[in-house]
Q: 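Pasting in a structure now, in structure tokens, and then I'll have a few things to ask.
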4 protein chains.
Amino acid sequence: MILHIDPSNGIPIYEQIVRQVKFAIANGALQVAEHVPSVRDMARISAVNPNTVVRAYRELQNDGILKSIRGTGLAVTAEAPTLCRRIRLEMIQQRLRSVIEEAAQNQVDWDEIRQLVEREIQHQSERSRESKS
Amino acid sequence: MILHIDPSNGIPIYEQIVRQVKFAIANGALQVAEHVPSVRDMARISAVNPNTVVRAYRELQNDGILKSIRGTGLAVTAEAPTLCRRIRLEMIQQRLRSVIEEAAQNQVDWDEIRQLVEREIQHQSERSRESKS
Amino acid sequence: MILHIDPSNGIPIYEQIVRQVKFAIANGALQVAEHVPSVRDMARISAVNPNTVVRAYRELQNDGILKSIRGTGLAVTAEAPTLCRRIRLEMIQQRLRSVIEEAAQNQVDWDEIRQLVEREIQHQSERSRESKS
Amino acid sequence: MILHIDPSNGIPIYEQIVRQVKFAIANGALQVAEHVPSVRDMARISAVNPNTVVRAYRELQNDGILKSIRGTGLAVTAEAPTLCRRIRLEMIQQRLRSVIEEAAQNQVDWDEIRQLVEREIQHQSERSRESKS
DNA sequence: GTGGTCTAGACCACG
DNA sequence: GTGGTCTAGACCACC
């Protein structure tokens, strides 16, 4: 469970934690009933304030992803993988929709959008290949 | 000059205004030397706080898109169309990049992204066809 | 909008705020679209830390009771009265169920429970009559 | 000596144990001088952390309900039945009071409360009838 | 002015 | 050890 937190990202830190935990579960990196790192550990690992972690974990509890086991920590719920896999696509889809909506309202051609998408995919592919090497 | 403002969009309202004015100029919906609606009018039309319009217009002046004509209001500069046409795709691309970046970080397959894009394009096409009829 | 906060109540302060706002809406003391006191005001009024109020208000937003209007404050949603009226009874019912469940599991007679309830109602009636006089 | 522990109940687990032991003594399910299950056994049976059982038993010793018999475990004291029978209704009443108090503070009608009570009694009756059959 | 986020540090109940 | 709550005070973006 390693997190990549970027404090100057626009996206709030607690939200970054929430998302990455969700993705980790969707990917199977975190298994059902497994414990998420303790608040204090996660705070230390990610170099953020414990309260920020608390908030992220609370959000995950509200979403039914984690549940608190008194005195022993927070565990991944049985429904979490299903939820997270669904959420993962919804989060991307939602942002994608908003971009494409803007494009549509401003008469950007569909093919232009497709080109932009391909260019970005290309761009990302190269970056990920670099980081592997 | 009709604006589509979505207050619960994540994107600040003033920025939504800025972007849509830029798009309007790029599309030719706003011509050089044409006056943009007065702060008061724009605020009323778009159901937005006048201060927010002020801020958007200030931003547009800083970008060299609008210039103030003493006593008569704000007009589109001569350079604006060139500028706006140049950044038209960049504005979309910038947002697209951040979405795809997140997807990439979370091991979403490229083809899955392409599918989502196509689905959204489909979705938008239908909406625009409906609104025309 | 006056709150009665008891910091040594067992019930967390933020939860007390949440409940009382919900009850105020259920009772009609807070109307739809009306603004709830600003975070800072509520903090001053209730003599609690602003962050505690923030948390309570955030919870109310998650429940769909309040919605944030950028830069202008938090307003009661249109669905709030319905939700709150439902919630009001549910909260009481839930606690009642838990008590009665315990009683049942320990072979307390139904009539004994009814007597206890009547005694408490009596007790409360007198207290409220006193406070009015 | 079977315990019904609900870890997500609000009431701390150790307190649930304490209450249920007291009820058991009041009902005669646990007799004077009878030994309560060992910490280890009770922890295993009820799927609870041994430390939690320790704490519950300590509380019961402080209340004079249990006393430690060197080398053999904890036994019900001679005074326990009297004590427990006396507080049997009080334990229920205490919780009942706090519920009704809240209801009162929020202008829930007395008759509405009586209805909820009857509904819950009905509910419990059915459940217990089912479990017998 | 508004809400939103974050840090720092304290205290508590629970296991 | 765990999570949960609270305070205090700071900074930010937005209206």
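In what follows, chains carry the letters A, B, and so on, assigned in the order in which the sequence lines appear, proteins first and then strands, with residues in each chain numbered from 1.
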Q: Quick one: R44(A) CZ to dG3(F) P, roughly how many Å, whole number?
A: 12 Å
Q: I'd like to check I11(C) versus R19(C) (side-chain heavy atoms, cut-off strictly below 4.5 Å). Are they in contact?
A: yes
Q: Looking across every strand, which nucleic acid part, if any, lies under 4.0 Å from Q61(C) by heavy atom: base, sugar-phosphate, or nothing?
A: sugar-phosphate
Q: Do K22(D) and V18(D) pass the side chain to side chain contact (heavy atoms under 4.5 Å, CB included) test, and can you show the C-alpha distance, the side-chain angles, and the key distance before you say yes or no?
A: CA-CA 6 Å; K22(D) 287 180 179 173; V18(D) 168; 3.8 Å; yes
Q: Is there side-chain contact between L74(B) and Q61(B), with at least one heavy-atom pair below 4.5 Å?
A: yes
Q: Does the structure show a Watson-Crick or G-U wobble partner for dC14(E), both distances under 3.5 Å? Name it, or say none.
A: dG1(F)
Q: By nearest heavy atom, map P7(A) and R55(D) onto DNA chain E; which one lands nearer the 5' end?
A: P7(A)
Q: If you assign G71(A) and V36(C) each to the DNA chain E nucleotide with the nearest heavy atom, which residue ends up on the more 5' nucleotide?
A: V36(C)
Q: It should be established whether Y14(A) places a side-chain nitrogen or oxygen under 4.0 Å from OP1 or OP2 of nucleotide dC6(E).
A: no
Q: 5'-most contact on DNA chain F: G73(A) or T52(C), nearest heavy atom basis?
A: G73(A)
Q: Would you say a side-chain N or O of T72(A) is under 4.0 Å from OP1 or OP2 of dT2(F)?
A: no
Q: Between P on dA13(E) and CD on E59(D), what's the gap in Å once rounded to a whole number?
A: 12 Å
